[in-house]
Asks: 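Supplied in structure tokens, the structure appears directly below.
Keep in mind that the numbers below use all heavy atoms, side chains included, and drop hydrogens, waters and symmetry copies. Here is the naming used below: chain letters follow the sequence lines, and residue numbers restart at 1 for every chain. Treat the numbers as computed from the prediction; the structure is a model and nothing was measured.
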Amino acid sequence: MSRQNLLDFFNNPKPKEKKSTESPSTEKESTSAEKKSPPKRKKVVYPVFPKDLPPSYLVSVTYEGKKALASLKLYEPTSQKIYFWDDTTGHKPYCLTNLPPKELKKLSRLTSHSGFDHFEIVEKYDPLLDKQVKVTKVVAKDPLAIGGRQYGCIRDIIPEDYQTITGSEEPVKVWESYIRYYQSYIYDNNLAPGMLYKIQKGKLVPVKHESSEETVGKILELFPGEEKEFMHSIEMWARLLEYPAPQFRRVALDIEVSSPIPTRVPDPQEAAYPVICVTLFGSDGKKETLILKRKGITKGSKELPSDVKVEYFDSEKKLLQKLFDAIRDYPFVLTFNGDDFDLRYLYNRATKHFSFKRSQIPIEVRRRVCSLKYGIHIDLYKFFFNRSIQIYAFGKKYRDVTLNAIGTALLELSKIELNKPFSELTYTELALYNLRDAEITLDLTTFNDNLVMKLILALSRIARMPMEDVSRQGVSRWIRNFLYHEHRQRNMLIPNSEDILAIKGGTTTQAIIKGKKYKGAIVVEPVPGVHFNVAVMDFASLYPSIIKVYNLGYQSLLCSHDECKVNKVPETPHWICRKKKALESLLIGSLRDLRVKWYKLKSKDKTLPNELQGWYNVIQSALKVILNASYGVFGAPTFGLYCPPVAEATAAIGRHVITQTIEKARALNIEVLYGDTDSIFLKNPSPEQIKILEKWSEKTLGMELDVEKFYRYAVFSSRKKNYLGIMSDGSVDVKGMTGKKRHIPIYIKKAFDQMEERLGKVQSPAEFEEAKKAIQKIVRDRYLRLKQRRWGDNPNELAFHVVLGKPLAAYKKTTPQHVKAARKLKEIGYDMKTGDLISFVKVLKEPHVKPVQIASNREIDVDKYVGYLQSTFDQVLDALGLDFDEIIGLTKLGRFM
DNA sequence: GCGGACTGCTTACCT
DNA sequence: ACAGGTAAGCAGTCCGCG
């Protein structure tokens, strides 16, 4: 499954849009701002949707407790303002139960519950029983009554009281009680966050975008002969994805707080120390820094850029007031870790240390999230932390989830390095530092034509989630939510996870890895050596294809029909339904086909206007992220539609498919050099042989097998997931090799890179001998330099870099080397937490490791590094028939001396 | 008490 | 809070050994 990423498209980033300088640069620094205009205490009123407003994007749905209804935020792209619209449909929170009203009326705790409203009998399709059922809709006055955290909510009362009161053994079921109210509102009204709406006669109605509709029509023509149901899904997705994206008016916010201990981050709960500097960096050109005056601090000699507006404050309260007013002005506010720090700190600082009332602060603090009353808060830390985003959208370009690492990797813009503690900075130094952080934060969303904003928008549409949620939650939530949405659209009961598990059961195969639930993919034993003319064929999104073609989903696996029981999944006792299409199969299948047949092609179509091609690339990446996870979620207990047999069946069919393909290739007399999950590496196949394989796959497996790439030659050792592939242009694919892993010292990596470059130059088998000699020289040189201890003035290049996977105290079973180093760092005052990258070197003395910060050249254990050099190169040398010891001048005999 | 064989833990990677 | 499979290094344990 190939790993081309979102950034590939933008190899030629356009020059940045010129930012309009809204504030004239003449006003540089005014120290007297607060004397001029003391902030007035006026009531903050937010705009309500006017009657004739142009089409606006639905960006948020929340429950408004005071009014007891759903409240929507819409972003009007011309005025670039947020407007509020309150529900007029009378929609109310509810849950479903199998008890009829007659029985429910016996439950006095329910009927007398202050939040209880009424009962309705509704008919639904139960996908686990495959039949229509009558259930009771228990309607409530507010969402907390259904499933609030406090004692005695409706979803708990129903089963508890029914059994105690009636003594009945009948299983009492409650459905859909754990769905957030605003999601329920979105599902029931078939809303799509991120899409265009208008208000017509007091109702929210979707806006048609004509040229997008035309494209949707064209897309549908790409799928002749598909069933009606499938076409409807394609149409729905295409509409969600074709509609244009707006310009997002936004501001990045970053604050600095004084702290008595420089290495400790102040606690946002206490918010005990003053906010000393704040920067607002806007997409509209705003660059404003607010500084708190403190004793003994001077401006210093450095200069700020002339377009930055600086304001000094005598009082922190006034600074906060000014900041709050600015926040209120923007429809979108960006932070890096604002949920856990900046916004939380500001809120607590304002309420606990100054006399701000809650109504005077534009921030709402919840358990894990900080949101805004007016705008939309996007915490980019949470977004970039998302593993799927990291890997599939950004191709692992950034490895550390810090502002500095992401900024450096994606923007080539780094944080300003400080060489003295915070408290000793001049005002200007502090402002520059703060300004840079805010700049990076904004630029993370502007680069490549606002890629990140568009990506969040696209995901929001697919997942049917507000942008605020989709940017914070993981891919399993995205998938769950659009599947839930489709359940509601079809009047299907959304099953409880435990019921799926109880009916469909667990897994039956034995995993190779201890502790795993079921058997996964096949990895073919590679044929060691150097092979010229290697074709890599793979199945385009194998697992989503399987889910589509084989009709996989919790409904279809182990269905209740006797006649389906013969439709077995290979190597398992599971069977698959032949009578009814599973929702997952339909929706994941249509998404896959849409990506492969439209968005992937369009994202590479140079004839399209640049901007449109970019949008298509965003879409195909968003789809990739979702599709890549679409099989895994079935095996994840946290997924709402968790169904182990579905995951197990997908993997089993995958093994079957690849095994058959390998057999077919061999039957065609093609040597199969290697294969992993969905790919096969073929030695020197003829174009005819390839064509036969492709046709065969289409016909017998119903799946698309294509040549994904062609290597001039490939180098395999006997290790799986470990090879080099040299493309015809000389570029080199390096997979799984230690020489490419992030933790190894640059000193060793450099030698590996040299070797890689040399291998890229080899055109033919005849040229190989010379390359081998060159590689031997590279290895020998690096070995000798190590032995001569020539690596520089400090051991930085010898440092290993390993991520701390959990808090220091959680390492109980063993103490790995990086943990030893981290504990040492902690002793000398560093703040060590999960996710930190620990850099350490290997030294002679116990405990043989030392943080690089405090290590010196003379204590380095050179032989350890020689050992590392050897194991790194062995992976390649094996295949080339070379021997490390011989290269460095040890004869085979010499090794025993 | 010591060393080799073994298992388990941890991280980084592949698909 | 997507999944399982593989490689590598090190920590810790067990067992034999006069």
Asks: In residues 864-876 of chain A, which ones come under 4.0 Å of DNA chain C, going by heavy atoms?
Replies: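 Within residues 864-876 of chain A, the residues near DNA chain C are A:Tyr868, A:Ser871, A:Gln875.
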Asks: Could you tell me the boundaries of the chain A footprint on DNA chain C, defined by atoms under 4.0 Å from its heavy atoms?
Replies: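 Here the contact window of chain A covers C:dA1 to C:dG12.
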Asks: Look at the aromatic rings of A:Tyr783 and A:Phe884 and report parallel, tilted or perpendicular, splitting at 30° and 60°.
Replies: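 Ring orientation of A:Tyr783 relative to A:Phe884: perpendicular.
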Asks: Measuring centre to centre across the rings, with the benzene-like ring taken for any Trp, is A:Phe681 within less than 6.0 Å of A:Tyr723?
Replies: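 For A:Phe681 and A:Tyr723, the ring centres are under 6.0 Å apart.
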Asks: When all nucleic acid strands are considered with a 4.0 Å heavy-atom cut-off, which category describes A:Tyr674: base, sugar-phosphate, or nothing?
Replies: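 It contacts nothing in the nucleic acid.
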Asks: Between A:Asp339 and A:Arg368, is the closest basic N to carboxylate O distance under 4.0 Å?
Replies: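 No, A:Arg368 and A:Asp339 are not salt-bridged.
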Asks: A:Tyr631 has an atom OH; how far is it from atom P of B:dC14, in whole Å?
Replies: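 After rounding, the gap between these two atoms is 18 Å.
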Asks: Do NZ/NE/NH1/NH2 and the carboxylate oxygens of A:Asp379 and A:Arg472 come within less than 4.0 Å?
Replies: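 Judged by the 4.0 Å cut-off on N to carboxylate O distance, A:Asp379 and A:Arg472 do not form a salt bridge.
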Asks: For each nucleotide in nucleotides 8-13 of chain B, reading 5' to 3', give B when a protein heavy atom comes within less than 4.0 Å of its base, S when such contact involves only the sugar-phosphate, and - otherwise.
Replies: SSSSBS
Asks: Any base atoms under 4.0 Å from A:Gly632, or only sugar-phosphate, or nothing? Heavy atoms, all strands.
Replies: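 Base contact.
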Asks: Return the value, rounded to whole Å, for the distance between atom CD1 of A:Ile658 and atom C1' of B:dT15.
Replies: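 The distance from CD1 of A:Ile658 to C1' of B:dT15 comes to 10 Å, rounded to the nearest Å.
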Asks: Just to be sure I understand the rule, does A:Ile513 reach a base, reach only the sugar-phosphate, or reach nothing, if contact means heavy atoms closer than 4.0 Å?
Replies: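 Base contact.
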Asks: Between B:dC14 atom P and A:Asn628 atom CG, what is the distance in whole Å?
Replies: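 To the nearest whole Å, that distance equals 14 Å.
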Asks: Give the ring-plane orientation class for A:Tyr484 versus A:His487, where under 30° counts as parallel, over 60° as perpendicular and anything between as tilted.
Replies: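 Perpendicular, since the angle between the ring planes exceeds 60°.
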Asks: Closer than 4.0 angstrom, basic N to acidic O: yes or no for A:Glu671 and A:Arg666?
Replies: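 No, no charged N to carboxylate O under 4.0 Å.
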Asks: Suppose we screen for side chain to side chain contact (heavy atoms under 4.5 Å, CB included). Which residues come up paired with A:Thr572, at least two apart in sequence or across chains?
Replies: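 Side chain to side chain contact (heavy atoms under 4.5 Å, CB included) list for A:Thr572, sorted by chain: A:Thr508, A:Thr509, A:Val569, A:His574, A:Ala652.
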Asks: Take the angle between the ring planes of A:Phe716 and A:His531 and call it parallel below 30°, perpendicular above 60°, tilted in between.
Replies: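 Because their plane-to-plane angle lies in the 30° to 60° range, the rings of A:Phe716 and A:His531 count as tilted.
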Asks: Return the value, rounded to whole Å, for the distance between atom CD1 of A:Ile391 and atom P of B:dT15.
Replies: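 It is 13 Å, rounded to the nearest whole Å.
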Asks: Identify whether any heavy atom of A:Ala647 sits under 4.0 Å from a base atom; if not, whether one sits that close to sugar-phosphate; answer base, sugar-phosphate or nothing.
Replies: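 The residue A:Ala647 makes no contact with any strand.
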Asks: For A:Phe634, answer base if it contacts any base atom (sugar-phosphate contacts may also be present), sugar-phosphate if it contacts only those atoms, and nothing otherwise; contact means non-hydrogen atoms under 4.0 Å.
Replies: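 No contact.
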Asks: Mind checking side chain to side chain contact (heavy atoms under 4.5 Å, CB included) for A:Ser471 and listing every partner two or more places apart, or none if nothing turns up?
Replies: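 Partners of A:Ser471 by the side chain to side chain contact (heavy atoms under 4.5 Å, CB included) criterion, ordered by chain and then number, come out as A:Ile378, A:Phe383, A:Ile456.
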Asks: Look at all strands and tell whether A:Gln473 reaches a base, only sugar-phosphate, or nothing, counting heavy atoms closer than 4.0 Å.
Replies: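 Result for A:Gln473 = sugar-phosphate.
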Asks: With a 4.0 Å cut-off on heavy atoms, is A:Thr815 in touch with a base, just the backbone sugar-phosphate, or nothing at all?
Replies: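 Sugar-phosphate only.
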Asks: Could you state the OH-P distance from A:Tyr392 to B:dT15, rounded to the nearest angstrom?
Replies: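 Going from A:Tyr392 (OH) to B:dT15 (P), I get 11 Å.
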Asks: Once the angle between the rings of A:Trp237 and A:Phe482 is folded into 0 to 90°, is it parallel (under 30°), tilted (30 to 60°) or perpendicular (over 60°)?
Replies: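 The rings of A:Trp237 and A:Phe482 stand perpendicular, inter-plane angle above 60°.
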Asks: For a salt bridge (charged side-chain N to carboxylate O under 4.0 Å, His left out) with A:Glu859, tell me which candidate from A:Lys864, A:Lys845, A:Lys842, A:Lys850 qualifies.
Replies: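 Per the salt bridge (charged side-chain N to carboxylate O under 4.0 Å, His left out) rule, the option paired with A:Glu859 is A:Lys850, out of A:Lys864, A:Lys845, A:Lys842, A:Lys850.
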Asks: Under the salt bridge (charged side-chain N to carboxylate O under 4.0 Å, His left out) rule, what pairs show up with a residue in residues 539-558 of chain A, not counting sequence neighbours?
Replies: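 Output for this query lists A:Glu226-A:Lys548, A:Lys548-A:Asp593.
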